[in-house]
K.L.:
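Structure in structure tokens, see below.
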Amino acid sequence: TVTFNADFAQVIHNCRKMREYNEGTWITDDMEKAYNRLHGEGYAQSCEVWNGGELVGGLYGVNIGRCFFGESMFSKAENASKLALISLAKRLGELDFEFIDCQFHTDHLESMGGRYISYDEYMERIRKGTGVNAF
């Protein structure tokens, strides 16, 4: 089962814990609290993947206007984070979002439709999605 914003706090906590001991994480106590606050204010969103009532995958990010800036994802079951990303992309497409910023270009993301764009195209999409003329 896929949900949106059903358990933001557990998604970010799992993103933190799944990386903390293996590769390290930038999600400190203060960052986790800050993102939970952003979620409470409606800026940070999550997508959760459940299997039999257990949270097995998900992702979170920040949306500004019609732009979504992905922050982190986790998976405790095979393909759970992929399902979260695909579900999010479908939902944001229905809402006429400009893009999902995945921050990095990887073969994994490209296999799901992600693509590298130039800085100029990125800034144009930011302007179009937020109405703000960024630098």
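Because the structure is a prediction, the values reported are computed rather than measured.
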K.L.:
A side-chain contact here means heavy atoms from C-beta on lying under 4.5 Å apart; do K82 and V49 qualify?
P.N.:
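No, their side chains stay 4.5 Å or more apart.
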K.L.:
Can you list the residues that meet the ring-ring contact (aromatic ring centres under 6.0 Å, His included) rule with F99, with sequence neighbours excluded?
P.N.:
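F99 satisfies ring-ring contact (aromatic ring centres under 6.0 Å, His included) with F69, Y122 only.
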K.L.:
State the OG-CD distance between S118 and E124, to the nearest 0.5 angstrom.
P.N.:
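The OG atom of S118 sits 10.5 Å away from the CD atom of E124.
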K.L.:
Sort out for me which residue in K128, R127, R115 forms a salt bridge (Lys or Arg N to Asp or Glu O under 4.0 Å) with E121.
P.N.:
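Option passing the salt bridge (Lys or Arg N to Asp or Glu O under 4.0 Å) with E121: R115.
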K.L.:
If I compare all heavy atoms of S81 with all of S75, which pair ends up nearest, and what's the gap?
P.N.:
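So the two residues come closest at N-OG, 3.6 Å.
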K.L.:
Would you call C47 and V2 a side-chain contact if the rule is heavy atoms closer than 4.5 Å?
P.N.:
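Yes, side chains in contact.
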K.L.:
If you measure from CZ on R16 to CZ on F74, what distance do you get to the nearest 0.5 Å?
P.N.:
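It is 14.5 Å, given to the nearest 0.5 Å.
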K.L.:
For residues S46 and A6, report the shortest heavy-atom separation together with the two atoms involved.
P.N.:
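Taking every non-hydrogen atom into account, OG-N, 4.4 Å.
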K.L.:
Quick check: do Q10 and N14 have side-chain heavy atoms less than 4.5 Å from each other?
P.N.:
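Yes - at least one pair of side-chain heavy atoms lies under 4.5 Å apart.
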K.L.:
Does F4, at its CZ atom, have more than 12 non-hydrogen atoms belonging to other residues, nucleotides or ligands within less than 6.0 Å?
P.N.:
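More than 12 within 6.0 Å, yes.
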K.L.:
Please find the pair of heavy atoms, one from V11 and one from L59, that lie closest to each other, and give the distance.
P.N.:
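Taking V11 first and L59 second, the nearest heavy atoms are CG1-O, 3.5 Å.
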K.L.:
Quick one: CG on N63 to CG on L38, what's the gap to the nearest 0.5 Å?
P.N.:
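It comes to 10.5 Å.
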K.L.:
What residues, two or more places apart in sequence or in another chain, satisfy side-chain hydrogen bond (donor to acceptor under 3.5 Å, both in side chains) together with Y60?
P.N.:
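Residues passing side-chain hydrogen bond (donor to acceptor under 3.5 Å, both in side chains) with Y60: none at all.
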K.L.:
How long is the gap from NE2 on H13 to CG on N36, to the nearest 0.5 Å?
P.N.:
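One gets 10.5 Å once the value is rounded to the nearest 0.5 Å.
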K.L.:
Using a 3.5 Å distance criterion without hydrogens, assess whether the side chain of T28 forms a donor-acceptor pair with backbone atoms of M31.
P.N.:
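Judged by distance alone, yes, a pair lies under 3.5 Å.
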K.L.:
Is it the case that atom CD in E94 sees more than 12 heavy atoms from other parts of the structure closer than 6.0 Å?
P.N.:
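Yes, enclosed.
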K.L.:
Could you tell me which non-hydrogen atom of A9 sits nearest to which non-hydrogen atom of E32, and how far apart they are?
P.N.:
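Answer, listing the atom of A9 first, then E32: O-OE2, 4.3 Å.
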K.L.:
Are I126 and Y116 joined in one hydrophobic group, where the rule is that I, L, V, M, F, W and Y side chains link up if heavy atoms are under 4.5 Å apart?
P.N.:
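Looking at the clustering, Y116 is in a separate group from I126.
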K.L.:
Do the non-hydrogen side-chain atoms of I27 and Y35 ever get within less than 4.5 Å of each other?
P.N.:
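The answer is no; the side chains never approach within 4.5 Å.
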K.L.:
So, does Q103 use its side chain to make a donor-acceptor pair with the main chain of G70 at under 3.5 Å?
P.N.:
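The answer is yes, because a donor-acceptor pair under 3.5 Å joins these two groups.
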K.L.:
Looking at CD1 of I100 and CG of L92, how far apart are the two atoms once the value is rounded to the nearest 0.5 Å?
P.N.:
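Going from CD1 on I100 over to CG on L92, the span is 5.0 Å.
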K.L.:
Show every salt bridge (charged side-chain N to carboxylate O under 4.0 Å, His left out) that has at least one partner inside residues 47-74, sequence neighbours left out.
P.N.:
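Qualifying pairs: R66-D96, R66-E98.
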